[in-house]
Amino acid sequence: MVHVDLRKIGETRIAILRIDNPPVNSIGSQVRVAVGESLAAALADDAVQAIVLTGTGKFFCSGADIREFNTPKTLIRPLLRELISMVETAHKPIVAAINGTALGGGLELTLGCHGRVASEDAKLGLPEVKLGVLPGAGGTQRLPRIVGIQAALDIIVGGEPLSASQALECGLVDDVAADPIDSACQLAVAIVRGDRASRVIDPAPLGDAASEAVFDDARRAAQRRYRGCIAPQECIACVEKTLHADLETGLAFEAERFKLLVEGDQSKAQRHIFFAERKAAKLPAAAQASTVRSVGVVGAGTMGGGIAMSFANAGIPVVLLEQSEEALQRGLNNIQRNYDVSRKRGRFSQEEVEMRLALIRRTMDYADLSDVDLVIEAAFEDMQVKKDIFTRLDQTCKKDAVLATNTSRLDINEIASVTGRPGQMLGTHFFSPANVMRLLEVVKGARTDDAVIATVFRLAQRIGKIPVLVGVCDGFVGNRMVSHYTREAYFLLEEGCTPAQVDGALRRFGMAMGPLQMQDMAGLDISWAARKRQAPTRPAHLRYSKVADRICEMGRYGQKTGAGFYRYEAGSREPIPDPEIDKLIAQCAAEAGIVRREISDDEIVARTIYALVNEAARIVKDGIAQRPSDIDVVYVAGYGFPMFRGGPMFYADTVGLPKVLETIRRFHAEHGEYWEPAPLLVELAESGGRFSER
Ligand code: 3HC
């Protein structure tokens with residue numbers, strides 16, 4: 001776990017301690033013990049005058065072992081903060097040679113060192129906030145004393161890693177070098193000889209170097225960015241402590257706040273999502289992925305344009321096909337506009353925008369798709385339209401090209417039936433805006449080859465998406481569930497709520513936006529078309545709310561027509577409650593013989609979120625999702641479900657499945673058939689199981 005080498009420079013002998021704990025050099029209990037023992041030995045060895053601490057491969061150390069959190073292993077001594085204190089107070093210089101990624105506890109370990117050198121490709125950060133905790137091994141106290149309050153707040157509350165050059169610029173490291181071990185040894189020698197000062201952290205408070213306003217601003221910004229999350233506010237409180245407390249007091253305060261967070265539901269939920277995302281991205285079969293060098297996109301509408309941008313952003317050439325010059329130009333104008341916004345926000349330089357635009361080649365000729373490795377169809381959501389496109393693609397594209405549809409609901413097997421290559425056909429369901437949203441539902445058809453799935457999974461990761469494997473059914477995972485969620489939202493309107501009340505309750509629960517505002521954003525005509533398609537098979541005895549249909553009949557399709565469940569001022573996305581809609585809802589309720597009543601936030605949340613949970617349990621049982629945690633990833637990454645609740649399945653586990661089942665049984669008795677409890681939920685609730693254990 002720790003390899004020790006000795007190096008002699010001049011008269012100075014240096015012990016190089018290399019942490020070796022694949023795959024990412026996390027620092028769990030065993031590593032702490034091993035580092036502690038090696039350090040103690042090197043410090044006691046009179047033949048050693050200095051120590052260099054480094055890691056193996058691409059990782060210096062990726063932080064504490066998250067799997068050990070909330071287990072007795074975290075109590076095994078030395079604790080990480082004890083180890084760092086041992087480094088900090090050592091009587092011999094200890095220099096960190098940051099050979100690659102140094103995150104969380106890994107970076108905190110270097111903050112106790114007397115010097116830091118980073119490799120050119122090193123990444124340095126404190127991402128704990130993303131796991132619902134704070135840097136709990138001194139990071140909130142030492143970092144501000146090294147880089148200043150504002151930079152420390154940016155690093156700790158932002159959670160994004162710095163590059164080596166950024167770390168050098170803000171004074172986090174002393175040097176950036178191609179060979180960080182060599183450079184760290186030179187620095188250690190210089191400290192031993194007294195040619196360079198040892199970096200020691202000032203234990204005194206920082207005083208009022210930063211005004212209180214900095215912290216107020218940080219708190220407000222964190223409230224907006226991480227609505228409902230506790231950890232960012234705790235991070236800020238800990239950094240603020242440096243103003244008034246010495247290092248020791250600050251460290252004790254930090255340790256106490258860390259404990260509170262790590263034992264809380266929010267962090268457990270966020271850690272669940274961390275591992276769930278990684279599990280979702282793993283493929284069951286050892287299938288061989290091929291490399292995709294170029295991509296075709298059919299359709300330059302909102303989705304097609306966003307998909308093309310996702311590839312161009314990753315440096316992958318795209319051929320974008322439309323039927324008419326006008327549609328093509330409209331699509332490209334949208335892409336250009338989106339890039340301009342990113343440039344103005346400082347995300348890309350003009351040069352980077354131009355590089356991306358140059359990767360998107362326009363065409364109206366299918367022959368231009370003959371050579372691409374993969375084509376994604378993002379045309380109008382109509383089976384016949386799709387069949388025509390795939391017939392042409394099958395005739396035009398090279399034999400081994402993968403053909404994918406971005407349909408959000410249609411039967412992929414039926415689309416594949418018009419091609420002579422159903423093994424190379426699958427669904428790639430992007431989420432809007434496709435260049436931003438990280439989720440990709442990869443839909444496996446009945447005959448899709450495992451190798452094709454593997455190819456698309458690898459491609460998804462290259463373009464920064466989280467792929468989740470799903471099966472064929474109406475709406476796959478996400479939209480199949482959302483139908484149940486919006487159904488309950490519509491029923492709640494009829495039973496007594498206003499749109500703002502339903503959306504408000506769910507926003508307070510933590511959803512990025514409420515279901516009705518989401519419908520207005522997505523376009524009401526889309527779900528209207530789906531409902532019309534389903535109408536012939538919908539059992540007549542089942543309750544059906546006409547509210548959304550009637551809104552569509554008024555020509556109100558949501559934001560794009562300036563009105564839907566809400567009104568929108570020209571150029572604004574701010575939903576404004578509309579008395580006309582309140583009247584329409586009351587009218588629909590009266591026609592359906594529903595007596596309107598007062599409805600609480602709790603009921604709104606239970607009706608909509610448990611509708612998601614119940615359907616999700618069916619989806620898992622049907623094998624449409626591989627595991628419950630995949631559903632959590634779909635909902636957090638694609639539907640704005642609050643990360644700090646860990647997704648619908650984890651949330652149900654947190655509430656307790658027996659309690660969820662009891663409520664669903666009550667809804668079943670009150671509202672009928674839609675609420676028939678899912679067999680998997682009953683099975684787990686009655687056997688003391690949890691979704692997250694499956
Ligand atoms: N603890 C335990 N396991 C970890 C881990 C950690 N800190 N970091 C990564 N892993 C595991 C992953 O779960 C995955 O396991 P699997 O193969 O069984 O699925 C494996 O390591 C590889 O991880 P990735 O697939 O994510 O590998 P990448 O190369 O894509 O990314 C990484 C590497 C950038 C290090 C990324 O894994 C990461 O961001 N890890 C989390 C880093 C982090 O949050 N550190 C702070 C921890 S909290 C802390 O230090 C508290 C302290 O303040 C007291």
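One-based numbering, in listed order, for ligands and for the atoms of each.
- When only interatomic distances are considered, the shortest N/O to N/O separation between Ala64 and ligand 1 falls below 3.5 Å.
- Counting the atoms of ligand 1 from 1 in the order shown, those under 4.0 Å from a heavy atom of Gly105 are 49 (C), 50 (O), 52 (C).
- For ligand 1, the atoms lying closer than 4.0 Å to a non-hydrogen atom of Pro135 are 53 (O).
- Each of Glu254, Glu234, Glu108 was evaluated against Thr140; a single residue qualifies, Glu254, per the side-chain hydrogen bond (donor to acceptor under 3.5 Å, both in side chains) test.
- Scanning both residues, Ile191 and Ser198, for their nearest heavy atoms gives CG2-CB, 3.9 Å.
- When the heavy atoms of Asn21, Leu131, Leu79 are ranked by distance to atom 44 (O) of ligand 1, first place goes to Leu131.
- The cationic atom of Arg645 (NZ for Lys, CZ for Arg) lies less than 6.0 Å from the six-membered ring centre of Phe509 and within 45° of the ring axis.
- Close contacts between ligand 1 and Pro23 involve ligand atoms 20 (C), 21 (O) [criterion: under 4.0 Å to a heavy atom].
- Using a 4.0 Å cut-off to heavy atoms of Phe275, the atoms of ligand 1 that qualify are 13 (O).
- Distance check for atom 31 (O) of ligand 1: every protein heavy atom is found at 4.0 Å or beyond.
- Using a 4.0 Å cut-off between heavy atoms, Ser62 contacts ligand 1 through both its backbone and its side chain.
- Aromatic ring centres of Phe431 and His429 lie closer together than 6.0 Å.
- Salt bridge absent: Arg356 and Glu352 never bring a charged side-chain N and a carboxylate O closer than 4.0 Å.
- For atom 19 (O) of ligand 1, the candidate residues are Arg278, Lys282, Arg67; the nearest heavy-atom contact is made by Lys282.
- When hydrogens are left out, the protein atom nearest atom 2 (C) of ligand 1 is Asp65 OD1, 3.2 Å; that is the closest non-hydrogen contact.
- Using a 4.0 Å cut-off between heavy atoms, Val24 contacts ligand 1 through its side chain alone, with no backbone atom that close.
- Aromatic rings of Phe644 and Phe650 (six-membered ring for Trp) have centroids beyond the 6.0 Å cut-off, not under it.
- Using a 4.0 angstrom heavy-atom cutoff, Thr101 does not count as in contact with ligand 1.
- The atoms of ligand 1 that sit less than 4.0 Å from any heavy atom of Pro127 are 43 (C), 44 (O), 45 (N).
- Near Gly63, meaning under 4.0 Å from any of its heavy atoms, are these atoms of ligand 1: 50 (O).
- Here Lys130 has no heavy atoms under 4.0 Å from ligand 1, in either its backbone or its side chain.
- In the vicinity of Phe59, heavy-atom distances shorter than 4.0 Å reach the ligand 1 atoms 29 (O), 33 (C), 35 (C).
- Scanning both residues, Pro642 and Met511, for their nearest heavy atoms gives CD-SD, 3.7 Å.
- Near Glu128, meaning under 4.0 Å from any of its heavy atoms, are these atoms of ligand 1: 48 (S), 49 (C), 50 (O), 51 (C), 52 (C), 53 (O).
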